[in-house]
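Contents: one structure, followed by commentary.
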There are 2 protein chains.
Amino acid sequence: MPANVSTRIVRPESDRRANQSDALFDILTSAIMAGRIRPGEKLNEPALADEFGVSRAPVREALRRLQEKGLVTHVAHQGVRVISPTLEDFLSLLDVREALEGMASRLAATAMTDAELEQLATIVDRHGEDLHSNPEGPYVQNDFDNDFHVRIAVGCRNPVLTGLLCEQFYPRLKLCRSRHGLLKGRGFAAWKEHRRVLAALVERDGDVAEILMRRHIRSAREALLATVPS
Amino acid sequence: MPANVSTRIVRPESDRRANQSDALFDILTSAIMAGRIRPGEKLNEPALADEFGVSRAPVREALRRLQEKGLVTHVAHQGVRVISPTLEDFLSLLDVREALEGMASRLAATAMTDAELEQLATIVDRHGEDLHSNPEGPYVQNDFDNDFHVRIAVGCRNPVLTGLLCEQFYPRLKLCRSRHGLLKGRGFAAWKEHRRVLAALVERDGDVAEILMRRHIRSAREALLATVPS
DNA sequence: TCTCTGCGATGTGTCGACAATAATGAAAAT
DNA sequence: ATTTTCATTATTGTCGACACATCGCAGAGA
């Protein structure tokens, strides 16, 4: 039995959402994403209900939503566990991501406003400066709302695509990254690729934007594949 | 208040799943997809619980899962309603579908077995015969498991992609099609496009398979756009 | 010593009920 | 006649409890 979870999960107090299900969902989501609850760890309803002083109903609902989000698996009569994605899972995710973000870039090329493109340029610039001070550092998205890919996912103006990327794929990808390494030394290459995607977007060239974004993600995928000999 | 729902929903009896949540989820899903519960119709928990002789807990869980699947919307204190997708929703869905099925075709070109390809050819042949007897008829997927697109979604060997397409997109697309027309007179053109995709798959040419599949879906999208003058 | 069987423990699915909040309609006042 | 206020209602979120299925363990038998 793992140590008391609540002591690790405490967050400020902005979690006071309207209902306890949402609050629990947020708490558990961030706890999983931050690694406070590790992959493979079991989450059983009664224990969580006890620790948070609520009944099992909201816990149950939060867990079910985590399952739909793909962060936990729920096998019958065996409890729910945080997923511990395999390398194959990671690769599968990246293949789909290539398709989705490629389309997002294509659509964003015509859908993003000039103001959004300027903000995106600012993000790329800041990324370049951070890279200057820490050349070998990986590309970490310290702020979700100010991430390059998130901005494009929002800018494509396709609610289905935006929701899929932001609410399902990015959390899962973050989990995969925390398990397998990736993003080592690719910081500079990634930045250059971002710059080219941005240039295509500014030129409102959807065809090129899609190609460049897909190539960008495929590069990351191949960098990941290179970490395992075979 | 609509007429008693249970009288319309009765299905054989194979719904006797392990737990009542799953059974309800299946029943409601098929009821929505078959149009027995129409778009915009309200589904309130107590009524459904009464009609099926269960408590609100399984109903609640089934509805939540329907929401995650994108078949119903759940606005607070206003009940859950079956979605009545707008034309924009339909178009958004088709854009994402183009990206997803394009990637699925690319992967399937190398992942599908020879046996699977032969089965796929059989499906295309049968589609052609059906078309011969009813040339103007639309392309309807009478049998989910024997649908052209489903076979490719399964054949790509990417569980993320397969799940996304089969469990999220195809149900939603079917709902969209039942509301807006589409698929009128496009049966023959669609069949020809299917044939070409199949040919590319047989040649194990992922690049071409992706291009053809994307073009196929984009044709459907443009046919849909053509139905509305502006 | 090994295997089978019965028992307890853990965890999940389901239930009925209560309280709180927001939408709906009616009544009253301007 | 229109608007404001209030009460009713509908729906939801939450709770504690129970029944059942599964798993692990111990004891009996071979």
Side-chain angles (χ1 to χ4, degrees), chain A residues 1-6 9 13-29 32 37-38 40-69 71-83, chain B residues 1-6 9 13-29 32 37 40-69 71-84:
Chain A
M1 185 68 69
N4 195 324
V5 177
S6 64
I9 290 180
E13 68 265 48
S14 57
D15 305 314
R16 285 282 140 70
R17 292 280 275 257
N19 50 8
Q20 312 201 27
S21 303
D22 291 347
L24 271 179
F25 177 72
D26 287 350
I27 293 176
L28 292 177
T29 298
I32 291 174
I37 305 180
R38 262 167 302 192
E41 195 167 325
K42 191 156 120 192
L43 299 174
N44 62 348
E45 299 176 4
L48 288 174
D50 250 14
E51 294 175 12
F52 289 99
V54 297
S55 121
R56 266 182 52 214
V59 175
R60 196 177 170 76
E61 187 164 331
L63 290 181
R64 181 67 77 172
R65 286 173 62 185
L66 282 177
Q67 180 192 358
E68 298 296 332
K69 195 163 184 166
L71 293 183
V72 302
T73 61
H74 172 109
V75 278
H77 290 284
Q78 203 171 341
V80 325
R81 313 187 86 93
V82 178
I83 59 164
Chain B
M1 184 68 68
N4 196 324
V5 177
S6 64
I9 291 180
E13 67 265 51
S14 57
D15 306 314
R16 285 283 141 68
R17 292 281 274 259
N19 51 8
Q20 312 203 27
S21 303
D22 292 346
L24 272 178
F25 177 72
D26 286 350
I27 292 176
L28 291 177
T29 298
I32 291 174
I37 306 179
E41 196 166 324
K42 192 155 112 191
L43 301 174
N44 61 349
E45 298 177 6
L48 288 175
D50 249 15
E51 291 176 13
F52 289 98
V54 297
S55 119
R56 264 183 53 213
V59 176
R60 197 179 170 75
E61 188 163 330
L63 289 181
R64 178 70 76 174
R65 286 172 62 185
L66 282 176
Q67 180 190 359
E68 298 295 333
K69 195 164 182 164
L71 293 183
V72 302
T73 61
H74 171 109
V75 278
H77 291 282
Q78 203 171 341
V80 327
R81 316 187 84 93
V82 179
I83 59 164
S84 55

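Note that the structure is a prediction, hence the values are computed from the model and not measured. Below, all heavy atoms of this structure are taken into account, side chains as well, without hydrogens, waters or symmetry copies. To find a chain, count down the sequence lines: A is the first, B the second, and so on, and within it residues start at 1.
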Practice task
Grab the two heavy atoms, one from B/A62 and one from B/L24, that are nearest each other, plus how far apart they are.
Solution key: CB-CB, 3.9 Å

Handout entry: Distance-minimising heavy-atom pair for A/L43 and A/V82
Key = CD1-CG2, 4.3 Å

In whole angstrom, give the distance that lies between atom [atom1] of [X] and atom [atom2] of [N].
X     : N      : atom1 : atom2 : value
B/D50 : C/dG16 : CG    : C1'   : 12 Å
A/N44 : C/dG13 : CG    : C1'   : 15 Å
B/D22 : C/dT12 : CG    : C1'   : 13 Å
B/Q78 : D/dT11 : CD    : P     : 11 Å
A/L43 : C/dT12 : CG    : P     : 10 Å
B/L48 : D/dT12 : CG    : C1'   : 15 Å
B/F52 : C/dT14 : CZ    : C1'   : 17 Å
B/N19 : C/dG11 : CG    : C1'   : 14 Å

Practice task
Mind checking the CG-NZ spacing from B/L28 to B/K69? Nearest 0.5 Å is all I need.
Solution key: 11.0 Å

Problem - CG on B/L63 to CG on B/L71, rounded to 0.5 Å - result: 11.5 Å

Is [X] close enough to [N] that one of its side-chain N or O atoms is under 4.0 Å from OP1 or OP2 there?
X     : N      : answer
B/S55 : C/dT14 : no
B/S21 : C/dT14 : yes
B/K42 : D/dT11 : yes
A/H74 : C/dG11 : no

Exercise for the section: Decide side chain to side chain contact (heavy atoms under 4.5 Å, CB included) for A/D22 and A/R65; before the verdict, give the C-alpha distance in whole Å, the side-chain angles of both, and the deciding distance to 0.1 Å. Expected result: CA-CA 9 Å; A/D22 291 347; A/R65 286 173 62 185; 2.5 Å; yes

Problem - Nearest-neighbour nucleotide for the A/E45 side chain, C/dT12, C/dT14, D/dC15 considered - result: C/dT12

Exercise for the section: Select one nucleotide: of D/dG13, C/dC15, C/dT14, the one nearest the side-chain heavy atoms of B/R60. Expected result: D/dG13

Handout entry: Any N/O donor-acceptor pair, B/R56 side-chain to D/dG13 base, under 3.5 Å
Key = yes

